[in-house]
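Quick note on labels: first sequence line is chain A, next is B, and so on, each numbered from 1.
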Number of protein chains: 2
Amino acid sequence: MPETLNISDAEWEVMRVVWASGESTSQEITRVLNGKRGWSQSTVKTLIGRLTSKNYLHARKESRHFIYTTHLDEPESLKLELEGLLGRICSRKIPNLLAYLVEKTPMIAQDRAMLEEVLQNKQVVAEVPCDCYPGQCTCHLHASGTILSDQSHEEITHEN
Amino acid sequence: MPETLNISDAEWEVMRVVWASGESTSQEITRVLNGKRGWSQSTVKTLIGRLTSKNYLHARKESRHFIYTTHLDEPESLKLELEGLLGRICSRKIPNLLAYLVEKTPMIAQDRAMLEEVLQNKQVVAEVPCDCYPGQCTCHLHASGTILSDQSHEEITHEN
DNA sequence: CCATTACGTTTACAGTTGTAAACTTTAGAA
DNA sequence: TTCTAAAGTTTACAACTGTAAACGTAATGG
């Protein structure tokens with residue numbers, strides 16, 4: 001499993017069909033995506049082509065057509081994408097974001113129980129290091145005196 | 001706050017500087033991003049230009065230069081992006097993903113406590129509806145039938 | 001007042017993405 | 001065996017991204 005993926009939104013639609021069925025023909029992928037997004041065969045073909053050339057899909061020939069499979073794992077792939085996004089903010093703010101996600105995600109009792117257990121086993125640290133580049137996070141404003149040379153900015157309101 | 005954002009990775013770097021300082025000059029943004037990513041003034045100018053034309057940044061003239069500000073909120077913006085990504089998988093699988101994120105996110109005791117509280121107040125539902133288009137999720141294969149393995153994900157076969 | 005400077009605006013250009021038509025190959029039908 | 005339709009491959013093309021040079025303009029130091 002690669003370190004970094006780059007599967008576009010449209011490509012992801014194709015992947016989902018393959019993930020859902022284990023293996024699919026282009027015909028089936030087209031049927032689903034034509035229904036869901038109104039895409040033409042051509043469009044789906046292009047996407048399949050791009051995915052196979054990136055080696056995210058594999059084509060096995062069977063008589064007249066190809067059967068597509070993938071070795072990528074769906075949740076795993078999404079984790080990679082999520083991590084990319086989470087890298088956009090200060091690691092200190094991530095727990096808040098998770099709280100938000102937990103709040104807004106519909107779940108059943110078992111899900112909640114599972115999360116509770118994860119939380120109970122969760123090891124905490126004394127301090128989460130800020131991983132931001134100086135000037136991209138307020139955590140750094142109190143680190144030194146070499147602050148920015150321009151003028152009045154801040155408002156160091158939040159911190160979380 | 002808009003429903004949907006589209007801030008590219010490079011643009012996000014600029015936004016972070018503005019978010020961190022409340023308001024910045026292009027000089028300061030350039031200084032930070034030249035340090036962090038080696039970007040030239042030109043590059044930063046382009047990004048600032050794109051962001052202002054999308055109205056994500058506002059330019060207020062002050063003597064010779066502009067001062068940039070934003071009305072976007074950083075965590076809020078990230079939430080929007082995250083929600084986009086989470087839409088890529090079946091809503092029934094999201095709790096598992098959250099568990100993974102909770103596990104891997106470094107946090108302090110307070111963070112954990114906060115999450116615990118959120119979880120304790122979390123309302124659960126009897127069943128989380130699958131929001132996938134048929135053919136893109138295995139949930140649909142047993143729509144009416146017996147529970148068996150209810151809403152966890154399991155391996156499947158494929159139809160055709 | 002003029003050249004220099006600092007900043008903003010236009011233009012550039014290749015790579016990616018969304019969307020699809022046109023073309024080619026080939027397995028099966030006649 | 002030749003024709004045809006399905007499946008795959010090439011080409012297309014505009015919008016968006018990453019990255020930046022070139023250009024225009026206004027303030028500033030002489």
Side-chain angles (χ1 to χ4, degrees), chain A residues 4-18 23-69 81 84-85 87-88 148-151, chain B residues 2 4-18 23-69 81 84-85 87-88 160:
Chain A
T4 292
L5 252 37
N6 66 318
I7 302 181
S8 75
D9 279 323
E11 288 166 355
W12 191 276
E13 293 283 18
V14 171
M15 293 303 292
R16 286 187 75 165
V17 179
V18 178
E23 49 180 54
S24 319
T25 59
S26 76
Q27 184 185 124
E28 179 176 343
I29 299 172
T30 299
R31 186 180 53 69
V32 173
L33 297 184
N34 179 271
K36 181 177 183 185
R37 312 268 299 231
W39 288 342
S40 73
Q41 272 186 320
S42 306
T43 297
V44 175
K45 287 321 185 47
T46 302
L47 295 171
I48 291 175
R50 289 178 185 166
L51 286 165
T52 49
S53 73
K54 289 193 224 174
N55 277 305
Y56 294 160
L57 283 185
H58 295 292
R60 159 166 54 87
K61 187 145 206 161
E62 196 136 304
S63 67
R64 59 209 136 291
H65 45 25
F66 283 95
I67 295 192
Y68 299 97
T69 53
E81 306 273 1
L85 265 195
R88 285 183 170 194
L148 336 109
S149 47
D150 260 308
Q151 45 211 70
Chain B
T4 291
L5 254 35
N6 66 318
I7 302 180
S8 76
D9 280 323
E11 289 166 355
W12 192 275
E13 293 283 18
V14 171
M15 292 303 292
R16 286 187 76 164
V17 179
V18 179
E23 48 180 54
S24 318
T25 59
S26 76
Q27 185 186 125
E28 178 175 344
I29 299 172
T30 300
R31 186 181 55 67
V32 173
L33 297 183
N34 179 271
K36 181 177 184 185
R37 313 270 296 230
W39 289 343
S40 73
Q41 273 185 321
S42 307
T43 298
V44 174
K45 287 322 186 47
T46 302
L47 295 172
I48 290 176
R50 288 178 186 168
L51 286 165
T52 50
S53 73
K54 287 194 226 174
N55 278 303
Y56 294 160
L57 282 186
H58 294 294
R60 160 166 55 86
K61 187 144 204 161
E62 196 138 304
S63 69
R64 61 204 132 293
H65 45 25
F66 283 95
I67 295 193
Y68 299 97
T69 54
E81 306 274 0
L85 265 195
R88 285 184 169 193
N160 232 6

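- Scanning both residues, B/Leu47 and B/Trp39, for their nearest heavy atoms gives CD1-CZ3, 3.6 Å.
- Residue contacts for B/Lys61: at a heavy-atom cut-off of 4.0 Å it reaches no nucleic acid atom on any strand shown.
- DNA chain D is contacted by both B/Ser42 and B/Arg50; B/Arg50 maps to the nucleotide lying nearer its 5′ end (nearest heavy atom per residue).
- Protein atom CD1 of A/Ile67 is 13 Å distant from nucleotide atom C1' of D/dA7, rounded to whole Å.
- The base of C/dA20 lies outside donor-acceptor range of the side chain of A/Ser40, with no N or O pair under 3.5 Å.
- Residue contacts shown for B/Thr43 include a base, since a base heavy atom lies under 4.0 Å away.
- Here B/Ser8 contributes atom OG and B/Glu13 contributes atom CD; the two are 9.5 Å apart, rounded to the nearest 0.5 Å.
- Look at NZ on A/Lys36: it is 12 Å from P on C/dT19, rounded to the nearest Å.
- Distance A/Leu5 CG to C/dT17 P: 11 Å, rounded to the nearest Å.
- The interatomic distance linking A/Ile48 (CD1) with C/dT19 (C1') rounds to 14 Å, in whole Å.
- A salt bridge does not link B/Arg50 to B/Glu11: none of the charged side-chain nitrogens sits closer than 4.0 Å to a carboxylate oxygen.
- Distance from the side chain of A/His65 is smallest for D/dA7 among the nucleotides D/dA7, C/dG8, D/dT19.
- Residue B/Asn6 places none of its side-chain N or O atoms closer than 4.0 Å to OP1 or OP2 of D/dA15.
- A/Gln27 has a side-chain polar atom (N or O) that falls below the 4.0 Å cut-off from OP1 or OP2 of D/dA7.
- Remark: B/Thr25 is not in phosphate contact with C/dC7, judged by side-chain N or O atoms under 4.0 Å from OP1 or OP2.
- Side-chain proximity of A/Lys45 to the nucleotides D/dT19, C/dC7, D/dA7 is greatest for D/dA7.
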* Audit row: A/Glu62, A/Thr25, side chain to side chain contact (heavy atoms under 4.5 Å, CB included) steps and yes/no -> CA-CA 10 Å; A/Glu62 196 136 304; A/Thr25 59; over 6 Å; no
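- Here the C1' atom of nucleotide D/dT9 and the CZ atom of A/Phe66 are 11 Å apart, to the nearest Å.
- The separation between B/Glu13 atom CD and D/dG18 atom P is 10 Å, rounded to whole Å.
- Mapping A/Trp39 and B/Tyr68 onto DNA chain C by nearest heavy atom places B/Tyr68 closer to the 5' end of the strand.
- The distance between atom CD1 of A/Ile7 and atom P of C/dT17, rounded to the nearest whole Å, is 10 Å.
- For the OP1/OP2 pair of C/dA6 and a distance below 4.0 Å, the side-chain nitrogens and oxygens of B/Ser26 include no atom meeting the criterion.
- Of the N and O atoms on the side chains of A/Thr46 and A/Thr43, not one donor lies less than 3.5 Å from an acceptor on the other residue.
- Of all nucleotides listed (C/dA21, D/dG18, D/dG8), D/dG18 comes nearest to the side chain of B/Asp9.
- The nearest whole Å value for the distance from the CD atom in B/Glu28 to the P atom in C/dA6 is 17 Å.
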